[in-house]
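Below, all heavy atoms of this structure are taken into account, side chains as well, without hydrogens, waters or symmetry copies.
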Amino acid sequence: MTDLSLNESQPNFLQSIDINIPQQLHQEPVLAKLIANYHLIVNFKAAVLDRKATGGGWFNLTLEGHLQDIEKALTDLQALGVAVFSHGLVPIDTGATYHLENRSDLDRQDSLSAIISK
C-alpha cells in the first residue's frame, strides 16, 4: 500500500471545498495538479459531470496538507477560472484520531466538522 503521509514538520489541515471546473478546462489535469504541485491528499466526496461536457464539472473535495499549500492551491485554482467554495478548515493533530461528525451533513456538502479523540 502506498504511504500517503505528508512531511510532519508542519501541522496539516483538512479543507472541505466545492469547485466548478469550467468547460474550457476539461482537458486540463486540474485535480491531478492539486496533488502533484501542492503535495495535497485529495479525497473526492462527490462529483457532478455533464455527460456531453457542455457545462462545468462540480466536485466536492476534502484537501489535506500544509496550510500554505492549501491556500496556494485554492488561489491558483481561482486564477485559472475555477469557482471555489470553502466549507471549513480543520487543523489535524497527527497524534489524534478523527471521526467525521454527522457524515450525512458532509455528504450534502455542508460544513466540515470533526471530533478529535486522543
Gln27 atom CD, neighbour heavy-atom count above 12 within 6.0 Å
no

When you compare the side chain of Leu77 with that of Val30, does any pair of heavy atoms fall below 4.5 Å?
yes

Closest non-hydrogen atom pair, Gln15 against Gly88
NE2-O, 3.1 Å

Just verifying a value: how many Å separate Asn37 CG and Lys72 NZ, rounded to the nearest 0.5 Å?
10.0 Å

Between the CG atom in Asn60 and the CZ atom in Phe85, the distance rounded to the nearest 0.5 Å is 12.0 Å

Heavy-atom side-chain contact between Leu61 and Leu31 under 4.5 Å:
yes

Side-chain contact, heavy-atom cut-off 4.5 Å: His66 with His39?
no

Going by side chain to side chain contact (heavy atoms under 4.5 Å, CB included), name the residues that satisfy it together with Gln78, two or more places apart in sequence or in a different chain.
Val84

Side chain to side chain, Phe13 and Val90, heavy atoms closer than 4.5 Å:
no

State the CG-CD1 distance between Leu67 and Ile92, to the nearest 0.5 angstrom.
11.5 Å

Give, for atom CD1 of Ile70 and atom CG of Leu89, the distance between the pair rounded to the nearest 0.5 Å.
6.0 Å

In the structure I gave you, are the side-chain heavy atoms of Leu63 and Ile17 within less than 4.5 Å of one another anywhere?
yes

Gap between atom CH2 of Trp58 and atom CD1 of Ile19 - 0.5 Å precision
9.5 Å

Smallest heavy-atom separation, Lys45 atom then Thr62 atom, equals CE-OG1, 3.4 Å

Side chains of Tyr38 and Asp76 in contact at under 4.5 Å (non-hydrogen atoms):
yes

Main-chain N/O of Leu40 paired to Glu64 side chain as donor or acceptor, under 3.5 Å
no

